[in-house]
Number of protein chains: 2
Amino acid sequence: MRRGPGRPPSSHAQRAIRAAAARLFARHGYSGTSVRDIAAGAGVDPALVNRHFGSKEGLFLATMSVDEDFRGLVDGPLGELGRAILTRVVTRMDGPGGGVFAALVGALALPEVRAHLARSTDEHVVGPLARRLSGPDADLRARLVGAQLHGLLFSLHVSPDPELAQRPRAEVLDAYARALQALIDDPTA
Amino acid sequence: MRRGPGRPPSSHAQRAIRAAAARLFARHGYSGTSVRDIAAGAGVDPALVNRHFGSKEGLFLATMSVDEDFRGLVDGPLGELGRAILTRVVTRMDGPGGGVFAALVGALALPEVRAHLARSTDEHVVGPLARRLSGPDADLRARLVGAQLHGLLFSLHVSPDPELAQRPRAEVLDAYARALQALIDDPTA
DNA sequence: TGGAATGCGTCAACGGCGTTGGCACAAATG
DNA sequence: CATTTGTGCCAACGCCGTTGACGCATTCCA
């Protein structure tokens with residue numbers, strides 16, 4: 001995108017790069033998307049990507065995030081919390097930008113991506129849930145609920161089980177909610 | 001490794017490449033291991049790798065496999081099957097070659113790797129388990145048990161939760177077994 | 001008002017990557 | 001002996017992420 005000499009000082013290119021990166025990363029994953037692809041999609045020189053975002057990894061971390069949508073995820077009544085959490089998370093991942101989780105998993109070889117995913121999970125699921133659980137091993141049970149969530153997302157969007165992905169979501173959620181609830185409920189009650 | 005002109009006709013290099021690849025892939029993952037690294041570790045020319053195994057992906061699929069260890073995984077009594085499956089799988093992944101699952105997940109961008117993992121899971125967990133379950137939605141419940149397994153392995157070895165990995169395995173397995181059992185038990189019973 | 005500093009964009013190049021084709025040589029085959 | 005086959009080596013290809021030098025417009029400041 002060549003622009004005249006009287007162009008504004010702000011960076012239009014920066015937003016174009018972000019948009020192209022978000023689209024391509026979500027669709028083709030981290031290693032399936034090259035810096036040159038992103039630059040071409042944004043109509044920009046490849047070197048500009050690294051100039052603005054430091055590196056391909058920096059751009060990935062700046063665009064691939066799920067933090068904003070999961071506030072108050074574990075706020076419902078405890079007796080139906082398994083179903084509530086599942087509905088929120090799965091619905092989010094079925095919508096646009098659902099490739100984000102798969103893209104993150106595909107880039108876990110990068111330590112910063114591992115840290116990002118771990119922090120997201122801790123902040124929105126494990127931490128708040130552990131504070132709400134009663135009974136023994138609340139922290140352990142909350143972490144295992146996080147593992148269960150990762151497992152379902154994994155089987156739906158990362159290494160998809162076709163039979164599972166094709167079933168009505170309500171059936172899948174109902175059954176899996178029982179498994180989550182087995183860890184949410186106080187085992188001594 | 002230069003060898004004299006009277007070398008034996010069989011392929012010593014092939015086994016050296018396999019061994020180096022298994023070690024390096026399990027430790028550093030797919031994209032963290034280069035063909036040139038493997039060749040150097042085997043004392044061999046990089047071109048030999050592709051000559052014998054077709055491609056880096058071919059070598060990866062030939063060396064990274066978990067099939068052999070999971071026969072009869074779901075054969076125990078139904079009432080304690082959750083605990084039995086977990087113990088087998090987690091013990092296997094804690095031992096040497098435990099990096100295999102993480103390596104596979106890190107290479108899921110390759111369609112053949114996705115197919116390999118899906119087939120392994122279907123063959124050793126989902127299929128046999130679905131045949132043993134009673135009650136409604138046996139197939140769905142078996143698939144969700146597979147998702148739970150992936151989730152725990154994910155949180156232990158792919159994107160490790162330090163708090164979880166550090167706990168005594170028995171506590172973790174006991175708690176998670178309840179969650180698996182919630183899907184194994186007939187929900188109408 | 002003139003000069004330095006800053007930020008944006010362009011271009012060419014670097015080293016590393018997976019992969020390929022050509023060549024050499026020993027062993028097996030007729 | 002001639003051919004084919006398997007094995008190994010070397011040089012090179014195109015793509016990758018990344019970097020440094022440079023041009024240019026704008027802004028800041030003495």
Side-chain angles (χ1 to χ4, degrees), chain A residues 1-21 24-25 27-64 103 106-113, chain B residues 1-21 24-25 27-64 103 106-113:
Chain A
M1 174 183 290
R2 178 102 24 180
R3 342 225 332 273
R7 69 182 182 283
S10 97
S11 74
H12 164 108
Q14 200 145 331
R15 272 169 296 160
I17 291 173
R18 281 188 106 97
L24 293 174
F25 278 143
R27 189 183 308 265
H28 304 295
Y30 182 77
S31 56
T33 305
S34 78
V35 170
R36 285 167 171 87
D37 287 341
I38 297 170
V44 146
D45 188 277
L48 259 190
V49 173
N50 276 359
R51 182 166 298 285
H52 283 304
F53 294 91
S55 65
K56 182 187 181 183
E57 178 177 358
L59 175 57
F60 183 77
L61 289 167
T63 49
M64 297 286 102
L108 282 177
L110 307 173
E112 303 243 14
V113 174
Chain B
M1 175 184 290
R2 176 96 30 173
R3 341 230 325 278
R7 70 180 182 286
S10 97
S11 75
H12 164 108
Q14 199 146 330
R15 274 169 294 159
I17 292 173
R18 279 189 108 97
L24 293 174
F25 279 143
R27 186 180 314 261
H28 304 294
Y30 183 77
S31 57
T33 304
S34 78
V35 170
R36 285 166 171 88
D37 288 340
I38 297 170
V44 146
D45 188 278
L48 262 190
V49 173
N50 275 359
R51 183 166 295 284
H52 283 304
F53 295 91
S55 65
K56 183 187 180 182
E57 178 177 356
L59 175 58
F60 184 77
L61 289 167
T63 49
M64 297 285 102
L108 282 176
L110 307 172
E112 304 243 13
V113 174

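We name chains A, B, ... by the order of the sequence lines, and we start the count at 1 in each one.
Residue contacts shown for B/T33 are limited to sugar-phosphate atoms, with no base heavy atom under 4.0 Å away.
Rounded to whole Å, the distance from CG on B/L48 to P on D/dA11 is 15 Å. When rounded to the nearest whole Å, the span between CZ of B/F25 and C1' of C/dG18 equals 12 Å. Between the CG atom of A/D45 and the C1' atom of D/dC24 there is a distance of 15 Å, rounded to whole Å. At whole-Å resolution of the value, CD in B/E57 and C1' in C/dT20 are 17 Å apart. The nearest whole Å value for the distance from the CD1 atom in A/I38 to the C1' atom in D/dC16 is 12 Å. One interatomic measurement links the two molecules: CG of A/L110 to C1' of D/dT18, which rounds to 15 Å at whole-angstrom precision.
Judged by distance alone, with hydrogens and angles left aside, B/R36 brings a side-chain donor or acceptor within reach of the base of C/dG18, the pair sitting under 3.5 Å.
For B/K56 and B/R51, each mapped to the nucleotide of DNA chain C holding its nearest heavy atom, the one lying further toward the 5' end belongs to B/K56.
In the set C/dG18, D/dT19, D/dT18, C/dG18 carries the atom at the smallest distance from any side-chain atom of B/S34. You'll find that the side chain of B/A13 is closest to D/dG8, out of D/dG8, D/dC10, C/dC17.
Note on ring orientation: taking the six-membered ring where Trp is involved, the planes of A/F25 and A/Y30 are parallel (angle under 30°, cut-offs 30° and 60°).
The nearest pair of heavy atoms linking B/A20 to B/G41 is CB-C, 4.0 Å.
A/N50 has no side-chain polar atom (N or O) that falls below the 4.0 Å cut-off from OP1 or OP2 of D/dG17. Close to C/dG9, at under 4.0 Å from its OP1 or OP2, lies a side-chain N or O of A/H52.
Shown are B/V49, B/L61, B/V35; of these, the side-chain contact (heavy atoms from CB on, under 4.5 Å) with B/K56 is made only by B/V35.
In this structure a side-chain-to-backbone donor-acceptor pair under 3.5 Å is present from A/T33 to A/L24.
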